[in-house]
Engineer: 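Once you've had a glance at the structure underneath, I'll fire off some questions.
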2 protein chains.
Amino acid sequence: MTTGLQDFLEDIQQVENFEEFQDATVKLRDLLGIAHVVYHWVNSVGERFGAGTYSSEWVDRYLEKDYLRMDPVIFGCFQRFTPVSWKQLDWSSKAAKAFFLDALDYGVGNQGYTIPIRGPNGQFALFTLNHNTTDDAWDQLIARNERDLVVVAHEFNKKALSFDAHSEAQVGPSLSPREASAITHLAKGLSRSQAAAEMGISEHTLRVYIESARHKLGAMNTTHAVARALSMGLIIV
Amino acid sequence: MTTGLQDFLEDIQQVENFEEFQDATVKLRDLLGIAHVVYHWVNSVGERFGAGTYSSEWVDRYLEKDYLRMDPVIFGCFQRFTPVSWKQLDWSSKAAKAFFLDALDYGVGNQGYTIPIRGPNGQFALFTLNHNTTDDAWDQLIARNERDLVVVAHEFNKKALSFDAHSEAQVGPSLSPREASAITHLAKGLSRSQAAAEMGISEHTLRVYIESARHKLGAMNTTHAVARALSMGLIIV
DNA sequence: GGGAGCCTCGCTATTTTTGGGGAGGGTAAA
DNA sequence: TTTACCCTCCCCAAAAATAGCGAGGCTCCC
């Protein structure tokens with residue numbers, strides 16, 4: 001490929017702590033000559049993790065305003081497998097427009113390119129490039145680096161996961177076949193009695209599975225258990 | 001990068017149907033000079049999708065024996081983000097050993113390298129290279145192509161997803177902010193009264209949101225509504 | 001051979017959720 | 001201006017879920 005990202009890939013593999021991780025985003029930003037490079041977790045289960053070149057003011061504001069819940073970038077990427085240019089997203093709602101303008105105020109560029117990355121246990125992260133430029137210039141930059149960026153995003157995520165492995169019990173819970181089956185039926189909308197009938201067992205037995213799954217998942221109630229099982233990828237509806 | 005996989009990447013982007021997809025696996029196999037290239041979907045019980053160069057006898061046997069449920073490759077990849085060489089996996093159980101020997105009998109090589117890929121809605125796929133050779137030779141081959149293979153796997157998955165009619169056609173319902181918020185709180189495990197307190201509204205009002213969301217989502221009960229909202233990417237827990 | 005985990009079933013009692021029915025005011029687009 | 005959707009609140013009876021107590025048989029691994 002045509003850019004100098006090969007060398008950068010070597011660099012990032014040397015990263016050993018959070019500071020170096022953060023430095024790597026800065027380095028990539030300078031290498032590409034753009035305004036911002038950001039990697040962050042949008043984690044359902046687990047802790048926050050993020051690094052990048054956005055101003056801390058913007059990060060604080062983002063969190064404070066809970067923009068996470070309406071950011072079109074996040075929703076767009078959450079439903080896609082492929083990277084996405086921000087302008088492909090749906091900015092039609094008033095809230096989205098306000099969010100975009102607010103971002104510009106805080107030094108975020110008007111062009112963005114975000115790669116969704118998914119790991120085990122429902123891990124979900126975004127890797128974003130951002131700049132202030134024309135559509136054409138941006139498209140060209142992206143086209144030049146498209147494939148390398150996938151690998152770069154992959155490497156960033158690998159590093160981020162390796163940091164997390166220390167802090168947390170790395171192996172998520174697993175459900176027994178019957179438990180998974182029970183939770184899956186509930187996720188499909190069946191009531192307990194229907195699910196029990198479907199599985200050919202007594203409703204009481206089904207209840208035992210649900211309870212057991214709930215404990216394994218650390219869930220407070222059935223709905224929570226289903227939500228966790230889903231977002232951890234333990235079941236598929 | 002150093003190999004001829006760049007050209008192959010161009011080829012795979014031209015793929016337009018399942019036959020060409022299948023052909024692409026063959027082409028890549030020949031390009032790398034190895035025994036097998038396989039892409040397959042591991043949506044536990046969902047739709048099947050797969051292509052590759054394994055003999056149909058082996059595929060049939062795999063399905064018939066329900067090896068899916070104990071295959072160490074699948075288990076290992078499910079818990080990992082990074083690609084994995086088969087020999088790093090846990091083959092210690094008796095069932096795993098038997099499975100491996102059975103695979104050899106059916107023409108599967110002793111060396112394997114599998115890349116896990118995750119898409120939206122819990123999509124999970126594996127991209128596997130397989131060959132019969134020594135550890136050293138295999139490691140070298142992998143090291144040479146490591147990064148390109150990530151991109152190749154990515155492209156294969158992109159194509160596979162595009163074939164899936166589901167992902168394209170449907171424009172799902174959307175939830176109002178309060179509805180989304182209500183459903184999100186439930187997905188986090190809060191009870192109705194807790195969620196209502198959190199949102200600063202009466203429990204009755206909260207119920208109206210849930211009901212309304214349920215109808216929009218075509219869900220039979222609250223748990224179903226949460227599950228649908230989650231898998232449609234309408235909320236993020 | 002013992003322990004761990006899985007699968008199956010039973011009971012009672014309490015709390016929570018659900019499925020209907022209403023009503024009024026706001027905002028926003030057509 | 002009308003229509004539509006959003007937000008907020010209320011009642012009631014029936015259904016479902018939860019929490020706790022049990023029990024026995026099965027397989028697999030150390």
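Every chain is numbered from 1 and lettered A, B, ... according to where its sequence line falls, protein lines coming before strand lines. What you see is a predicted model; the values in this text were computed from it and never measured.
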Engineer: Whole Å only: how far is the CD atom of A:Glu211 from the C1' atom of C:dT8?
Structural biologist: 16 Å
Engineer: For this output row, return yes or no: ring centroids of B:Phe124 and B:Trp41 closer than 6.0 angstrom.
Structural biologist: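 Not under 6.0 Å, so no.
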Engineer: A:His36 and side chain to side chain donor-acceptor pair (under 3.5 Å): which partner among A:Asn130, A:Thr53, A:Thr128?
Structural biologist: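 Single pass found, and it is A:Thr53.
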Engineer: If you compare every side-chain N and O of A:Arg207 against the phosphate oxygens of C:dT8 (OP1, OP2), does one of them come in below 4.0 Å?
Structural biologist: no
Engineer: Quick check for you: among C:dC7, C:dA28, D:dG22, whose closest atom lies nearest to any side-chain atom of A:His204?
Structural biologist: D:dG22
Engineer: Nearest to the side chain of B:Arg178, which nucleotide is it out of C:dG19, C:dT17, D:dC7?
Structural biologist: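 Nearest listed nucleotide: D:dC7.
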Engineer: Select one nucleotide: of C:dG19, D:dC7, D:dC9, the one nearest the side-chain heavy atoms of B:Val208.
Structural biologist: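 Nucleotide nearest to B:Val208's side chain: D:dC9.
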Engineer: Distance check needed: C:dC7 P versus A:Leu175 CG, whole Å only.
Structural biologist: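 It is 10 Å, rounded to the nearest whole Å.
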Engineer: Report the C-alpha separation of B:Leu206 and B:Glu198 in whole Å, then their side-chain angles, then the decisive distance to 0.1 Å, and conclude whether the side chain to side chain contact (heavy atoms under 4.5 Å, CB included) test is met.
Structural biologist: CA-CA 10 Å; B:Leu206 183 96; B:Glu198 193 74 23; over 6 Å; no
Engineer: Would you kindly give the OH-to-P distance between A:Tyr209 and D:dT18, to the nearest whole Å?
Structural biologist: 17 Å
Engineer: What contact category does B:Ser176 fall into here, base, sugar-phosphate, or nothing, at under 4.0 angstrom with non-hydrogen atoms?
Structural biologist: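 Sugar-phosphate contact only.
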Engineer: Closer than 4.0 Å, any side-chain N/O of A:Thr222 to the OP1 or OP2 of D:dT18?
Structural biologist: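 True: A:Thr222 side-chain N/O within range (under 4.0 Å) of D:dT18 OP1/OP2.
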Engineer: So does B:Thr205 get a side-chain nitrogen or oxygen closer than 4.0 Å to the phosphate oxygens (OP1/OP2) of D:dC7?
Structural biologist: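 No, because none of the side-chain N or O atoms of B:Thr205 sits under 4.0 Å from OP1 or OP2 of D:dC7.
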Engineer: Name the nucleic acid region contacted by B:Ser212, choosing base, sugar-phosphate or nothing; use a 4.0 angstrom heavy-atom cut-off, strictly under.
Structural biologist: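 No contact at all - B:Ser212 keeps every heavy atom at 4.0 Å or more from the nucleic acid.
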Engineer: State, to 0.1 Å, how close B:Leu190 and B:Leu186 come at their nearest heavy-atom pair, and which atoms those are.
Structural biologist: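 Closest approach of B:Leu190 to B:Leu186: O-CD2, 3.5 Å.
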Engineer: What's B:Met220 touching, base or sugar-phosphate or nothing? Going by heavy atoms closer than 4.0 Å.
Structural biologist: sugar-phosphate
Engineer: Is A:Ser202 touching bases, backbone alone, or none of the nucleic acid, heavy atoms closer than 4.0 Å?
Structural biologist: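 Since only primed, P, OP1 and OP2 atoms lie under 4.0 Å of A:Ser202, the category is sugar-phosphate.
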Engineer: Starting at the 5' end of DNA chain D and moving along, which residue's nearest nucleotide shows up first, B:Asn221 or B:Glu179?
Structural biologist: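 Comparing both residues, the 5'-ward one is B:Glu179.
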Engineer: Expressed in angstrom and rounded to an integer, what is the separation of A:Arg192 atom CZ from D:dA17 atom P?
Structural biologist: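 It works out to 5 Å between those atoms.
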Engineer: Report the nucleotide, chosen from C:dT17, D:dC11, D:dC6, that has the shortest atom-to-atom distance to any side-chain atom of B:Lys216.
Structural biologist: D:dC6
Engineer: Between B:His131 and B:Tyr113, is the gap from one ring center to the other below 6.0 Å?
Structural biologist: no
Engineer: Output yes when at least one side-chain N/O atom of A:Lys94 is less than 4.0 Å from OP1 or OP2 of C:dA28, else no.
Structural biologist: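 Yes, A:Lys94 has a side-chain N/O under 4.0 Å of OP1/OP2 on C:dA28.
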Engineer: Where do A:Pro116 and A:Leu126 come nearest, in terms of heavy atoms and distance?
Structural biologist: CA-CD2, 3.8 Å
Engineer: In whole angstrom, give the distance that lies between atom CG of A:Leu206 and atom P of D:dA16.
Structural biologist: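 Rounding to the nearest Å, CG of A:Leu206 and P of D:dA16 are 13 Å apart.
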Engineer: A:His224 NE2 to D:dA17 P: how many Å, rounded?
Structural biologist: 18 Å
Engineer: CD of B:Glu203 versus P of D:dC11: gap in Å, rounded?
Structural biologist: 12 Å
Engineer: Could you tell me the separation between the CD1 atom of B:Ile210 and the P atom of C:dT17, rounded to a whole number of Å?
Structural biologist: 8 Å
